[in-house]
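Only one structure is covered here, and it is reproduced in the block below.
Residue numbers start from 1 in every chain, and the chains themselves are labelled A, B, ... in the order their sequence lines are given, proteins ahead of strands. This one's a predicted model, so the numbers in the text were calculated from it and none came from an experiment.
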Amino acid sequence: MAVISLPYRYLERLTRTDRKAILDKIALIGSDIERTEEDHADVEFFPDRPDLFSPEGVARAMRGFLGIETGLPVYPVKPSGIRFTVDPALADIRPVLGAAVIRGVSFDDESIQSIMSLQESLHWAVGRGRSKVAIGIHDLDTVNPPFHYIASRRSRGFIPLDFTEKMTMDEILEKHPKGRDYAKIVKDFPLFPLIVDDDDHVLSFPPIINGERTRVTIDTKNILLDTTGTDRKAVGVAVNIICTAMAEAGATIESVEINGSQTPTLAPAERVVSVKECSRLLGIDLTAQSMATLLEKMRFGARPEGAEKVRVQVPCYRADIMHDWDIFEDVAIAYGYENLQALPPSTFTVGKPHPVQSFAMIARECFCGLGYLEVMPFTLTNEDVLYKKMQREEKKGVLHVLHPISIENTVVRTELLPLLLEFLTLNRHRELPQRLFSVGDVVESCVTHQQAAGVSTHPDADFSEAYACADAMLHELSIACTVKESEDPAFIEGRRADILVGNKKVGVFGEIHPAVLNAFELEHPVVAFELDLRAVPGYPVL
Amino acid sequence: MAELTQNEKRLLATLEKEHKADAEHLASVMGATPEAVVQWAHLAGDKGLAGVERIVVKEFVYTDEGKTYAKNGLPETQLLRFLLPGTQLADLQKHEAFRIGFGQLRKKGLVKVEGTSVAKTPGASTDADEAALKKPSSADPKTKELIKRGILRESESVKYVISATPAGLSLAGQGLDLREETGTLTRDQILSGAWKTANLRKYDVSKLPKKAYPGKIHPYQRIIDEMREILLDMGFTELYGSIVQQAYWNFDALFQPQDHPAREMQDTFYLGETLPLPKGYERVKAMHESGGETSSTGWGGTWKEAKAEQCVLRTHTTSLSIQYLAANPNPPVKAFCIGRVYRRETIDTTHLAEFEQLEGIVMDEDVHFGNLLGILREFYHRMGFEGVRFKPSYYPYTEPSLDAEVYVEGIGWIEMGGAGVFREEVTAPFGIQYPVLAWGLGVSRIAMLRLGLKDLRHLHRSDVAFLRETPAYRKIQGGA
């Protein structure tokens, strides 16, 4: 999530109202106030609204929402006469370029910080960590147009931002902090993207780092914006968001010529949407006029077309409008969620439990009746607990997660019993007897099913207790089965038994092997029982 | 006054004669162990009938070495006895006490070596040391010396002196019922009528017995069951399904773009397994690439089959909801699921890599966004939250989207879950023609509130004492 710092005085000047009026309503456009400080508020916005990642963008939206200035904001653009050439060799490397000239900026340390943080938020939300979009901002007056976006040999050098020595691009990837962070995006290409001016001065090595030469300072008056990437739509939106934010701050925007066409235009997109569809989706009665008025509050241009349609102009900075319903959500926000009628639907339906859960509840009831206490272990565990400590062979169908967070959580459980023994270890210092059970999911070869397991530990725990518990559970669940001596190495030979339905093993019980007790650092005898609940007659097949 | 036990009465009766005696003596008189007598005396003492005096006696005892010396004399004494004028050092060395004794003699200046012979110094005597050995006293520095040499050891023993108080004596004087007590009512007594004369022991109700711990449902499961019941009451069908899902059902069918950060290895648990795509996946592909036949633009770019075939541990139960809708595209559908979901999060007190999610969906001809608010308000009210409010939010597969907040006494408004209407990009590929209202919430958040948990891990790695102490029923007030 993007947390944006909003300095009150700047925000108040741009919004043309006081901070209280703004903060009272800001959550209603879709945000969370993280904290309010003496001179600023930190507010979190959602990733689908990168146009709100700057004080300028927030002010623009709040002017509309508070009724201070509604309708489509218009941003005039005139050609700068500046031209970019694009090297066709970039087609397989980083093909898309967007650019603009921003004139008449007046920076102080705070507003430079603000544009840098907008740039960083866009890198994250739109740029997918710079791989899809990367943005560079330059002091236009330090370089000479036309500019050239080229595929350069990797050994070419320049002085990167924050350094005083010339470095080759290969060295930058190795030594510059930004180079190390983003090397993975370009390192496999034979040639690297580079932006130079007509005198061959380097502006930027996208998406890694700018040159020191074009650093933006408080003396910068005119800006050249470069935006490169792999996705034309995303690059365009990033350019539009930065240009319109700067225009809100008082700058004028000029287009540049790329491959013969002028960009950006900052022109709105158009959609004609249905009033009826919107009314039905939101559950409110709308007319074309009321809908248009609500949309103007959200800074769309909107004009009724007859009684049933509204022609909507979508501001160029709105990255999130891809479907008519995206516009309808803005209608709902303008209308106010608090004003919607919250009524449950009227259709009559009958509730129906899932049989797997119903069977699980019966198993729980039986265990409780036998004096067992329920525990709910994690489903992620590791081979050591699941197999090694149990003296068991690893199950063929056990699932290994590809990138575990720790060595504790490498596989999905295939049994519950080892996890119950782990519980006894955790509770060694607690009063005996301890009788614990769990009913829950296990996974084998991508198939999920439920098992039930119980353990009992105290100085007199023996095979008979395990047998009695297993027998009671099997009886209560109406499982017709036979019992035969088991070879499960987790149990003591001669004190262990398999539960069979037909020839299929569906469970096991007995006295846990002392070597297993040692492995789990347990001091008292433990008897245990585990059952695959699919053995219950009438159990659903998934 | 609490009732006297039979043993307390017997003790008082004995003390009536003895007045004051040590526990050992009373034990032999009463035919019991001294420990038992002391225990009875304490019980009687609690009632002001007896006094127990604990006396610590310090004693000196001989070590094994000390025992020998007590009999034969200290090594230095033995050597002094052996010494005659002109005794040769070589002869003295043959004496068994030489090794320890000679050093002591030299240290105390009782002998001197002259050439090859050894002689006593004038007036040499170890009488004072022998006296300290025979009659040790803590005031005697010689005794301390013997302790240091490991010959004597200080030992403490505890003695209990028990007496009757005037109240105890007067009670005993009034005569005590010393008839044999019966602990257990037996079958024989019930059948024979012997119960009529039996002296059944009376229990002290102020004393708790050893605790009994019932088998119980886990407090967290209880909250899950409560939610389940509410949703069944509200007419919802329960869903259950696999933990392992194809990325296709977990992400793609929900219109989550293939380059979405939540799909990356840092956030989702991927498995090595893949599964073939279901029939009709091309419609999902078209939706991603170009918006299919809807008013949507889609995400653009190329949708890759291989990415959708990968298996993941489900990151939400929405993967089950969409499969249920795909199999049941006709209205009305009202379904819910409470199941474990997986996120690749670093585990700490408020974040787990696996947690329960509740999810509900409603699909019907005329349902709308306002109905979603209505269902949520009803659900939260039934969970005990009186104040419920909604605000705009963002979820990749719903539009419009909202977050629900509930008011909790003493805390304020807290976020309780997200909801929205499934995007048409989600429903259209499966031929679902009506709006689908969907909502989800983290069950553990309510559990933390209800159980006052500070650390979510305790839900799954529970202390048995916590489970035993948490009552099966607690009155819920203001949702917590």
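- When B:Arg457, B:Glu264, B:Gln266, B:His260 are compared by the number of non-hydrogen pairs under 4.5 Å with chain A, B:His260 comes out ahead.
- Neither the backbone nor the side chain of B:Asp233 comes within contact range of chain A, judged by heavy atoms closer than 4.5 Å.
- Between A:Thr349 and B:Gly235, the closest heavy-atom pair is OG1-O, 2.9 Å.
- In this structure, A:Val439 and B:Gln221 have side chains that are not in contact, with every pair of non-hydrogen atoms separated by 4.5 Å or more.
- Of the listed residues (B:Arg377, B:Glu378, B:Glu273), the greatest number of heavy-atom pairs within a distance under 4.5 Å of chain A belongs to B:Glu273.
- Chosen from B:Pro261, B:Ala335, B:Pro214, the residue pairing most often with chain A at heavy-atom distances under 4.5 Å is B:Pro261.
- Among all heavy-atom pairs drawn from B:His368 and A:Leu281, the shortest one is CB-O, 3.2 Å.
- Here ring pair (Phe, Tyr, Trp, His ring centres under 6.0 Å) pairs that include residues 213-242 of chain B, with residues two or more places apart or in two chains, are A:His354-B:Tyr240, B:Tyr220-B:His460, B:Phe236-B:Trp439.
- In this structure, A:Leu380 and B:Leu313 have side chains that are in contact, with non-hydrogen atoms separated by less than 4.5 Å.
- Centroid-to-centroid, the aromatic rings of B:Phe369 and A:Tyr337 come within less than 6.0 Å.
- The closest side-chain donor-acceptor pair between A:Gln357 and B:Arg228, if any, does not fall under 3.5 angstrom.
- The two residues B:Thr237 and A:Val350 make their nearest non-hydrogen contact at OG1-O, 4.4 Å.
- Contact detail for B:Lys210 and A:Leu432: the closest heavy-atom pair is NZ-O, 4.3 Å.
- Here the closest heavy-atom approach between residue B:Cys311 and residue A:Cys446 is recorded as SG-SG, 4.5 Å.
- Looking only at heavy-atom pairs under 4.5 Å with chain A, the residue among B:Val464, B:Leu231, B:Ile375, B:Leu373 that has the most is B:Val464.
- Heavy-atom distances place both the backbone and the side chain of B:Ser401 under 4.5 Å from chain A.
- Only the side chain of B:Thr294 comes within contact range of chain A, with heavy atoms under 4.5 Å apart.
- Defined by atom type and a distance below 3.5 Å, a donor-acceptor pair is present between the side-chain atoms of A:His323 and B:Glu424.
- Between B:Pro257 and A:Arg128, the closest side-chain pair of non-hydrogen atoms falls below 4.5 Å.
- The stretch residues 368-375 of chain A places A:Cys368, A:Gly371, A:Tyr372, A:Leu373, A:Glu374, A:Val375 near chain B, each with some heavy atom under 4.5 Å from a heavy atom of that chain.
- With a 4.5 Å cut-off on side-chain heavy atoms, A:Leu426 and B:Asp463 do not count as touching.
- In this structure, A:Lys132 pairs ionically with B:Asp259, as a charged nitrogen and a carboxylate oxygen lie closer than 4.0 Å.
- With hydrogens and angles ignored, the 3.5 Å screen pairs no side-chain donor or acceptor of A:Asp326 with any backbone N or O of B:Ser296.
- Contact count against chain A (heavy-atom pairs under 4.5 Å) is highest for B:Arg344 among B:Lys334, B:Gln245, B:Met265, B:Arg344.
- Contact of the B:Pro332 side chain with the A:Thr347 side chain is registered, since non-hydrogen atoms from C-beta on lie closer than 4.5 Å.
- Scanning all heavy atoms of the two residues, the minimum distance from A:Arg430 to B:Ala465 falls at NE-CB, 3.4 Å.
- Using a 4.5 Å cut-off between heavy atoms, B:Tyr342 touches chain A through its side chain atoms alone.
- Checking side-chain atoms of B:Arg340 against main-chain N and O of A:Asp441 turns up no donor-acceptor pair under 3.5 Å.
- How far OG1 of A:Thr379 is from CD1 of B:Ile243: 5.0 Å, rounded to the nearest 0.5 Å.
- Under the 4.5 Å side-chain criterion, counting only non-hydrogen atoms from C-beta, A:Met376 is in contact with B:Ile224.
- Listed options B:Arg468, B:Lys391, B:Lys216, B:Glu354 were ranked by heavy-atom pairs under 4.5 angstrom with chain A; first place goes to B:Glu354.
- Residue-environment remark: CD (A:Glu365) stays at or below the threshold of 12 foreign heavy atoms within 6.0 Å.
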